[in-house]
Amino acid sequence: MSAALNRSLVRTVIAAALGGSLLGFDTAVISGATRSLSASFALSPAQLGITVSAALWGTVVGAICAGPMGRRWGGRVSLLWLAICYLISAVGCAVSSTWPELLAFRFVGGLGMGGSSVIAPVYIAEVAPAGWRGRLVGTFQINIVVGVLLAYLSNYLIGLLSLQDHEWRLQVGVAALPAALFAVMLLGVEPSARWLAVQGRLAESLRVLRNLGSADPEGELREILASMTHDSRARHEGLLQWRYRRPIALAVSLALFNQLLGINAVLYYLNDIFAMAGFDRTSQNLQAVVVGAVMLTATLVALTLIDRFGRRTLLLGGSVGMALCLAGISAAFQWQRFAAGLLGLVVVYVAFFCVSQGTVIWVYLSEIFPAQIRSQGQSLGCSTHWVVNALLSAAFPVLAASSHSGPFVMFLVVAVVQFVVVWRFFPETKGVSLEALQRQMDMAPR
């Protein structure tokens, strides 16, 4: 029987998931600051692009470094260091007096974003009971979307203050408040029992299992130890081994699909997409708030479905829904017929993404790797995710300039390919213990 949720477990999950809010906030907040940033530092369009992408390249480095970091210090301590990165970035960006200083502090914030995208879902997956794992890990995605929405809302409210060229300082600096809260909350939560067991701290591991409300703490510890014994070579072999080819292939392909479906390119260039369609310029911040609200609603819906219908089912359904929307968007640009339907297609496309890939990726990556290399595996998937994000976001304006419908046709093809690959190769993981999944991943594909 799956363990019930107790106060200690809920507090631990909330604290870890707050890293997702900071990730979402730091990703989205720059969208409202570009105009005042350009005025303050006299940035050219190319320099502005470098400014926006500086944090994304920081996420790549943060995601790569997060695997070894998680193995050495565990989830709780690693997240505490990442909270410090968020705090330094927010304060540093707000007081930057030169453009290079701003780039450096945005890069530091990216380290926190990339690291937390790896560490937090793994940490939540390791403390969560199997029957609750999908929903609890999914709270990380909810917090990302909440962070995005709060960033858009914060930008809108700060914009009402008419601070002119210094508006951006308050917009980026306000993130220091949730960063400080994140650090404080982490001081009072439990470490991962699985990480403690890997370190040989068995008494502490058993205590944590009891504190987090495990239905059978002794039995769960025995299962953890059996899993460690079965895969003890992982400590020395590392991730890139033939025996891990299946989870590696699943992680990399899922991360590639996540970005090649175009979600971040669409969100980053939402106003440009409507400008290409000939729409009049409206309030960018208010429009972003609407999109953020839709994203949050869809993500909440996903959490009610992920442990009921499973990860694989959501991926398949999302592929179909996104493909239909992308076909409509492509046709609208190809035939130059937009009207009000384009907004609806974009909103539904974003909603299908959040219900499927947006929520599933963090859960699936945290489940499919054995305990000793889980952080490394999550790091691989997230690094792939962030590299493709940075490259595609930089390439989108060039692609759209040559053909307005071209990028959406490419995203449509990716959605179709994802459906086929998930249908053929992706196993279902709902309700299966992490140790049982480890045994399943050692089996040859059917």
Side-chain angles (χ1 to χ4, degrees), residues 17-35 52 55-56 59 86 90 109 113 116-117 120 138-161 167-168 170-175 177-179 181-182 258-259 261-275 279 281-304 318 321-322 325 329 340 342-362 385 389 393 396:
L18 185 57
S21 293
L22 285 160
L23 193 163
F25 193 98
D26 278 22
T27 297
V29 73
I30 194 66
S31 65
T34 53
R35 183 182 305 171
V52 172
L56 288 175
T59 61
Y86 280 121
M113 293 161 59
S116 59
S117 71
T139 61
F140 181 75
Q141 173 64 17
I142 282 186
N143 275 265
I144 293 177
V145 179
V146 167
V148 171
L149 177 57
L150 289 176
Y152 292 151
L153 182 60
S154 174
N155 285 342
Y156 171 68
L157 295 176
I158 292 173
L160 297 178
L161 300 177
E167 179 177 284
W168 66 271
L170 184 56
Q171 288 176 325
V172 298
V174 73
L177 298 177
L181 176 63
F182 184 33
N258 185 273
Q259 289 305 305
L261 286 165
I263 185 63
N264 280 323
V266 169
L267 294 179
Y268 295 159
Y269 297 102
L270 188 62
N271 289 334
D272 299 272
I273 291 170
F274 285 103
F279 285 86
R281 186 177 183 85
T282 58
S283 172
Q284 297 181 11
N285 290 332
L286 272 179
Q287 187 179 44
V289 170
V290 173
V291 173
V294 171
M295 292 176 66
L296 176 58
T297 302
T299 303
L300 290 172
V301 171
L303 280 202
T304 68
M322 284 184 285
C325 292
I329 296 171
L342 182 63
L343 175 60
L345 286 169
V346 171
V347 167
V348 175
Y349 156 77
V350 169
F352 268 114
F353 179 88
C354 291
V355 170
S356 57
Q357 261 275 8
T359 299
V360 170
I361 184 172
W362 306 111
H385 170 280
N389 181 3
S393 297
F396 182 86

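Because only heavy atoms are used, hydrogens play no part in the values below, and waters and symmetry mates are left out as well, while side chains stay in.
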[atom1]/[X] to [atom2]/[Y] distance, rounded to the nearest 0.5 angstrom?
X	Y	atom1	atom2	answer
Leu157	Leu170	CG	CG	10.5 Å
Phe353	Thr359	CZ	OG1	8.5 Å
Leu300	Ile142	CG	CD1	4.5 Å
Leu150	Leu22	CG	CG	10.0 Å
Ser21	Phe182	OG	CZ	9.0 Å
Asp26	Ser116	CG	OG	9.0 Å

Please report the shortest heavy-atom distance between [X] and [Y], naming the atom on each side.
X	Y	result
Gly109	Tyr86	O-CE2, 4.1 Å
Tyr349	Val266	CE2-CG2, 3.9 Å
Val145	Gly292	CG1-O, 4.0 Å
Cys354	Thr299	CB-OG1, 3.6 Å
Ala351	Ala298	O-CB, 3.6 Å
Thr139	Ala17	OG1-CB, 3.7 Å

Show your working on side-chain contact (heavy atoms from CB on, under 4.5 Å) between Phe352 and Gln357 and close with a plain yes or no.
CA-CA 8 Å; Phe352 268 114; Gln357 261 275 8; over 6 Å; no

Is there a side-chain contact between [X] and [Y] (heavy atoms, below 4.5 Å)?
X	Y	result
Val146	Phe25	no
Thr27	Leu23	yes
Ser154	Val29	no
His385	Ser117	no
Trp168	Ile158	no

For a side-chain contact (heavy atoms from CB on, under 4.5 Å) with Leu296, tell me which candidate from Ile144, Val301, Leu149 qualifies.
Leu149

